[in-house]
Amino acid sequence: MENTQNGQPSVHDGPETHNPYMQTLRMLWNDKWAFISVTFLLIVLACAVIGPFFLDDLATKQNLRGRNAPPFDFSTSWSFWLGGDALGRPLLARIIVAAQNTIFVAAGAVFFSMIIGTSLGLIAGYTSKTLSQVIMRLADVIMAFPSLLLAVIVLFMLDSSVFNLVIVLAITRIPVYLRTARAETLEVRERMFVQAAKVMGASTPRIIFRHILPVVFPTLITIATLDFAFVMLAESALSFLGIGIQPPEITWGLMVAQGRPYLTTAWWLSFWPGLAIILTTMSLNLVSNWMRSALDPAQRWRLENVGKKSG
Amino acid sequence: MLNFLGKRAVASGISFVGLVLLVFFLSRLTGDPTSLYLPLDASDEIKNQFREIHGLNDPLVVQFFNYMGDLIRFDFGDSIRRSEPAIDIVLRGFGWTLQLAAITLSLVIFFSIVLGSLAAFHVGGAFDRIATFFSLVGASAPDFWVAIVAIVVFSVTLGWVPTSGTGSFAHWILPVAVLFIRPFGLIVQIVRGSMITALSSAYVKTARAKGIKNRSIIFVHALRNALLPVITVIGDQAAALLNGAVVIETIFGFPGVGKLMIDSILQRDFAVVMAAIVVTALAIFLMNLVIDILYSILDPRIRY
Amino acid sequence: MFRKSRLFMATAIASTVAFSAHAQDNSVTIVLSEELEFVEPCMATKSNVGRVLFQNISETVTEMDPETGLQPRLAQSWEDMGDGTWRFHLREGVNFSDGTAMDADDIAHSLVRVKSPDIACEIGAKVFGGIEITSNIIDAHTIDITADPAQPILPLLMSLVTVTPQDAPLDSFVDHPIGTGPYTFDEYERGQFITLSANPNYWGDQPTVQSATYVFRADSAVRAAMVAAGEADIAPSIALQDATDPAMDFSYPNSETMFLSIGHAQAPLNDRRVREALNLAIDREAFIGTVLANGTLLATAITPPSTVGYNANLKPYAFDPDRARELLEEARADGVPVDAEITLLGRSNNFGNVLETMEAMLAMYQDVGFNMKLEMVEVAEWLERYAKPLPEDRGPTLIQALHDNANGDPVFSMYFKYHSNGQTSGLAYPEVDAMIEEATITTGDERTAKWSELFAFLHDEIIADVMLFHMVGFSRVNERLDFIPTIRTNSELQLSQIQFK
């Protein structure tokens, strides 16, 4: 494989280069870390989609007398290989089942805050000063509004469901996207190519979406992938304070919070779900770093030229 | 500039009133504090008297205008929970929070910019891999988990630092260290990402092509451009710190404004909630203003 | 860089040495779980306030000792004058820490103060709720106190009334408490610490501990770590899973009883069979030594075994899921809506493992076929749903609660919880009301018998609640101290009882 590439872009003029999927896959394969990350994320996604369907009963079956069973006891059923929790329920099965709520909350909150925040930020950065001022001061209000107060009010008024948690977390994360998108837009719109497009009579939406968004996007994606971790941990902190997701619903964040009192006596209760959060975040970031390179024409060579240096 | 500041002050004033209005009415939605503070079998008469003393009997709108009227005279009302002026309690806590935030943030800014830029210089290199690994672990590690492990290891087992509390220099080490980890991990990644973009952008390439060999010039040049998103994210993290590091305060017994705020919300001590929000909101508005000014210093093309 | 970090470490180590050495060998540091909101003696029945003030700063007229019963404190003796009046003979030569002498006027003023509607004291409401108290000063050291309705246990009630000087305000809390106790209140640095020091003019023996510092840490693991690291001497309350060192950790019955309060007004909970099924569905034994500590007792009543009239003949309901399912079937056949959704309401952070306990019970109930959902709420919302007036639209609800009664008599609990006018009563039975009223005004063996009878009636006949556990608390005590926690440690911590080894 590596012999076919010698660093010359012209080598890729073969038939598969014209197939964008094959090319993407090849670039992915060339970055081993990104490849492993994508595989891991696919597994998590599979757990989230089908896990609760198969394992719900297993994950809620409790056994008080067998609580805090230690991990790595391979004589037991596979579901206990990572140990049991404070009510004697299998941790591995619970982590798999919890993937669904966790991914739903994190992805939902990040997605909504990014879409809303970015749109408002682009508008604030490119349109009239008055509108910009209104949007930015609105962002100030959201930023200064304590997220915990919002959480208490929403979860108190509307029940502490998974969906309401998404709303709370999404609202609190809007300002960072908004401010980023606006700051970058302010800078990009002064650049030569945007000014040129403007002179040539391109419409405002066209300038925003074709010229500005692509420049702003990589930064937003980096923030969004990091926000995945932030949101999962925020949700965990809410559970730590007793106002997060309510059992018997489970998320990784709730599992970490519930395992915390046992840190010194049964570390595995909060360690494994914590590890799941760390691995997911790390995979997402490695994939997003890879995407940055793959989508940026100026950096693409890093992935294509593996012959020079192993990635 | 003066014109800009003037307009900004007016606009911020309006959103400040909006915030106070929003918090005032939303916090009242959580319920009536009366039964929480009186003994279970208090008579209706006593309950009524309690509501009267704390002004809870008036319609909400009247309560709001009373509150705003007092606010103009810098009277924030008394805490129900502690029967002392709410603003005294809040300022005491906010002093601690401000110190903690300032120390932590300075360390975060320094270390994350240095490490993030170094990582971006050799993308995919050993240093980059290591820095990325540790910053991502840092960004996704639950802080209460790290805090307890740190106490058990560094205070109980090794006896190097006190477990918690305030008093000496040593008392600051653990809270600052634990609080440092997450924003550090996050900002290293942001710096790294935007430095990569900046270093591969046309003008740095031009600079290189022109024969500017001096790395530090390139570095400074690129950094200046990469800092826009970094400053925004730092602002976001700073806002979170100014609102109080609830988990850290809870675990380390640190008398900041975060735990005070959550306790007051749960205990329906509205005067304290309001005072806390007024104080932190002022700080956050001011910080956002500084950030906006920084944008135009970093990139003179940005004008308001 | 290196030099800097070395300097940093050196400073850290230097200050480490400074903080871990105890300032003086006769001072102690106590780490409490929450900060004191106020330092008002008439709120001393709240456990965090009580652990600082009760009998340390503010003393009471009589004192309840769990071993020996009611003892003199500020009164040397007392006698029943009939018609609800008791005469107390006060100790002479007792001074408040501000130098003024304590006399009958102060006692009279303290009684007025705890009942003052302007400050709504916890002691006034808890001890004298629904009781009129008048006093008549005979001379400087003799006072007659009259209760209406008459209270045969008035001397016991007086063990909860903290005595404050007669110039203590009737309409506001004090922020620097003055008392007659063995310690004086020095300083309260809000958010950080409280300090007390020995009162040189104390009327009794000088205590061994000469000064005390109280600090506040919300997290149990941190409190335990502080004692282990030598930064604190006593952590009065730590979680079960943090009590891992037998040399330092003591368990004690903490006088709290956990139960599920049943709202009898709503179907299907108005059906006795359903209530019996609720009792049979819980495997109580499975909690002990697992989620709850070893030494936790199964409860048959809301007050601990040390209480007057505790009925030792009652048997806790055995775990019998099959019988529970049968009972539900029978009730269903009679048209009882057993499938209606029941809310299991828990109070967040009520005790160490409350969430695990509630989750486990939820699963047990679902297992026998109850349609139940769990809700964990903060204290404010919990109170709104536990104490009257209750919301009109409430569905059938089981409310988890802890009840604390370390005072030796069920009167502090029964009216409140089971009389149809009681603030947290889930039931309304005229025969129960009558039994409570009768027992309240009798004395001696008759009182014991009447309470016993009531406990049996509630547990076996009516099946008032799901009685669960008499709880156990854990304290961590530094090995340099000679101090053993007791059932009173939940509400007070007398520094004068602490000795050094």
Side-chain angles (χ1 to χ4, degrees), chain A residues 56-69 84-90 94 98 148-149 151-161 164 237-251 253-270, chain C residues 218-225 228 238-245 249 282-292 296 319 343-367 372-382 384-385 474:
Chain A
D56 215 14
D57 286 341
L58 184 63
T60 51
K61 178 103 186 84
Q62 64 189 30
N63 170 21
L64 291 184
R65 290 175 177 92
R67 77 197 291 251
N68 295 350
D85 77 354
L87 296 179
R89 296 169 297 196
R94 286 178 74 72
L148 282 168
L149 176 62
V152 171
I153 292 168
V154 171
L155 302 180
F156 183 88
M157 301 283 298
L158 304 173
D159 229 5
S160 62
S161 69
N164 291 334
L238 284 180
S239 297
F240 170 84
L241 297 167
I243 46 181
I245 288 230
Q246 299 266 342
E249 291 281 359
I250 37 172
T251 62
L254 177 63
M255 291 177 74
V256 174
Q258 282 195 298
R260 186 200 53 85
Y262 301 94
L263 259 179
T264 48
T265 47
W267 55 268
W268 51 93
L269 261 64
S270 59
Chain C
D219 197 277
S220 161
V222 176
R223 294 196 295 277
I238 59 172
L240 159 68
Q241 50 273 0
D242 294 317
T244 48
D245 186 344
D249 298 326
I282 300 286
D283 185 359
R284 293 171 175 78
E285 302 276 1
F287 286 89
I288 296 174
T290 58
V291 182
L292 303 173
T296 302
F319 176 51
T343 307
L344 183 59
L345 188 72
R347 177 170 155 187
S348 302
N349 306 319
N350 198 15
F351 59 92
N353 293 335
V354 64
L355 190 60
E356 281 99 327
T357 308
M358 297 308 287
E359 259 197 277
M361 287 199 290
L362 176 73
M364 289 172 182
Y365 279 135
Q366 286 173 337
D367 188 50
M372 206 174 277
K373 70 161 186 200
L374 175 64
E375 241 185 282
M376 297 297 295
V377 297
E378 282 299 320
V379 56
E381 193 188 349
W382 179 87
E384 273 164 13
R385 295 165 72 172
F474 288 91

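Sequence lines set the chain letters: A, B, ... in the order given, protein chains first and strands last, and positions in each chain run from 1.
With a threshold of 4.5 angstrom between heavy atoms, C/S348 approaches chain A through side-chain atoms but not through N, CA, C or O. Only the side chain of C/D219 comes within contact range of chain A, with heavy atoms under 4.5 Å apart. Interface remark: C/E285 contributes backbone and side-chain atoms alike to the contact with chain A (heavy atom separation under 4.5 Å). Of the atoms belonging to C/A286, heavy atoms from both backbone and side chain fall under 4.5 Å from chain A.
Residues A/P90 and A/K61 approach most closely at CD-O, 4.2 Å, considering heavy atoms. Looking at every heavy atom in both residues, C/L240 comes nearest to C/N353 through CD2-ND2, 3.9 Å. Residues C/L292 and C/T357 come closest through the heavy atom pair CD2-OG1, 4.0 Å.
Screening C/M372, C/E359, C/M376 for a side-chain contact (heavy atoms from CB on, under 4.5 Å) with C/L344, the sole residue that qualifies is C/M372.
The structure places CG of A/L87 at 11.0 Å from OG1 of A/T60, a figure rounded to the nearest 0.5 Å.
Annotation: maximal heavy-atom pairing with chain A below 4.5 Å, among C/A239, C/A360, C/A218, C/A363, occurs at C/A360.
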